[in-house]
Chemist: 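The following block contains the structure, expressed as C-alpha cells.
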Amino acid sequence: MGTRVRVADIAPPGHVRTPHYLRGRVGVVERVLGPFPNPEELAYGRRTTPLPLYRVRFPMGELWADAEHPGDTLEAEIYAHWLTIEEDPDAA
C-alpha cells in the first residue's frame, strides 16, 4: 500500500479490463485485494493462474488536464500485470 504505480500504456486486442483513460497514468496503491483469476483469460475460456488485484487511487488532475477538481480522486481495481512501480519524484 502507498506504492506509486504506472498503468501500462498498451492496447492489446481482445477483452481487457483496464480503461483506456487510465493507461499510462500514475496512481497510488490504496489496497491489495488479493489474488483473483485473470478475467482477460477467462473471457476466452482459458485456465488462468490467480493474479494480484490492486485498488489504485488516481488524482483527477493526473487523468484530465482540465479537471474541475484536480485534487479529487478516482479509484480503480487493476491487475498486477498492468502495473509497474513508479519512482517517487519527491524522494531524494
Side-chain angles (χ1 to χ4, degrees):
M1 292 185 347
T3 302
R4 287 173 43 90
V5 292
R6 181 176 297 275
V7 179
D9 191 7
I10 57 175
H15 177 79
V16 293
R17 299 265 314 196
T18 302
H20 280 277
Y21 64 87
L22 295 179
R23 297 177 194 178
R25 306 301 185 171
V26 175
V28 175
V29 173
E30 188 271 330
R31 181 181 321 178
V32 179
L33 300 171
F36 291 90
N38 181 355
E40 295 173 6
E41 295 296 320
L42 291 175
Y44 298 102
R46 298 180 190 136
R47 289 186 180 196
T48 179
T49 302
L51 298 172
L53 181 63
Y54 298 95
R55 181 165 296 148
V56 182
R57 181 176 293 147
F58 298 88
M60 295 297 238
E62 168 69 18
L63 303 179
W64 294 283
D66 61 348
E68 185 174 344
H69 300 284
D72 285 356
T73 59
L74 175 141
E75 292 183 0
E77 295 172 358
I78 304 176
Y79 281 88
H81 67 285
W82 279 90
L83 302 173
T84 57
I85 295 176
E86 182 77 5
E87 292 293 322
D88 186 345
D90 297 329

Chemist: Indicate if L51 and L33 have the same hydrophobic cluster label, given that clusters are the connected sets of ILVMFWY residues with side-chain heavy-atom separations under 4.5 angstrom.
Modeler: yes

Chemist: Within the structure provided, determine whether I78 and L53 are in side-chain contact (heavy-atom separation under 4.5 Å).
Modeler: no

Chemist: In this structure, would V56 and W64 fall into the same cluster of hydrophobic residues linked by side-chain contacts under 4.5 Å?
Modeler: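 V56 clusters together with W64.
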
Chemist: Minimum heavy-atom separation for L74 to L22, with atom names?
Modeler: CD2-CD2, 4.2 Å

Chemist: Which pairs, with at least one residue in residues 3-15 and sequence neighbours excluded, count as a salt bridge (charged side-chain N to carboxylate O under 4.0 Å, His left out)?
Modeler: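 Only R6-E86 qualify under salt bridge (charged side-chain N to carboxylate O under 4.0 Å, His left out).
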
Chemist: Name all residues meeting the side-chain hydrogen bond (donor to acceptor under 3.5 Å, both in side chains) criterion together with E77; count only those two or more places apart in sequence or in a different chain, and write none if there are none.
Modeler: R55

Chemist: List in chain and number order the residues that pass side-chain contact (heavy atoms from CB on, under 4.5 Å) with P35, two or more places apart in sequence or in another chain; answer none if no residue qualifies.
Modeler: P50

Chemist: Under the side-chain contact (heavy atoms from CB on, under 4.5 Å) test, which residues partner P52, sequence neighbours left out?
Modeler: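 Expected list: Y54, A80.
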
Chemist: What about V28 and M60, same hydrophobic cluster or not, with Ile/Leu/Val/Met/Phe/Trp/Tyr joined at side-chain heavy-atom distances under 4.5 Å?
Modeler: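 As far as the 4.5 Å side-chain criterion goes, M60 and V28 are not connected within one cluster.
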
Chemist: Once salt bridge (charged side-chain N to carboxylate O under 4.0 Å, His left out) is applied, what residue pairs with a partner in residues 36-47 remain, sequence neighbours excluded?
Modeler: E41-R46

Chemist: Can you sort out the partners of F36 under ring pair (Phe, Tyr, Trp, His ring centres under 6.0 Å), two or more places apart, ordered by chain and number?
Modeler: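 So F36 forms no ring pair (Phe, Tyr, Trp, His ring centres under 6.0 Å) with any residue.
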
Chemist: Please name the pair of heavy atoms, one in Y44 and one in G14, separated by the smallest distance, quoted to 0.1 Å.
Modeler: OH-CA, 2.9 Å

Chemist: Test: salt bridge (charged side-chain N to carboxylate O under 4.0 Å, His left out). Region: residues 16-33. Which pairs qualify, not counting sequence neighbours?
Modeler: E30-R57

Chemist: Drop me the distance from N38's CG to H15's NE2, to the nearest 0.5 angstrom.
Modeler: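 Between atom CG of N38 and atom NE2 of H15 there are 8.5 Å.
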
Chemist: Of all residues at least two apart in sequence or in a different chain, which pass the side-chain contact (heavy atoms from CB on, under 4.5 Å) check with A8?
Modeler: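 side-chain contact (heavy atoms from CB on, under 4.5 Å) check on A8 returns I10, W82.
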
Chemist: Please name the pair of heavy atoms, one in P59 and one in V26, separated by the smallest distance, quoted to 0.1 Å.
Modeler: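 Reported closest heavy-atom pair: CD-O, 4.3 Å.
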
Chemist: Pair T84, V5 - check side chain to side chain contact (heavy atoms under 4.5 Å, CB included), show working.
Modeler: CA-CA 5 Å; T84 57; V5 292; over 6 Å; no

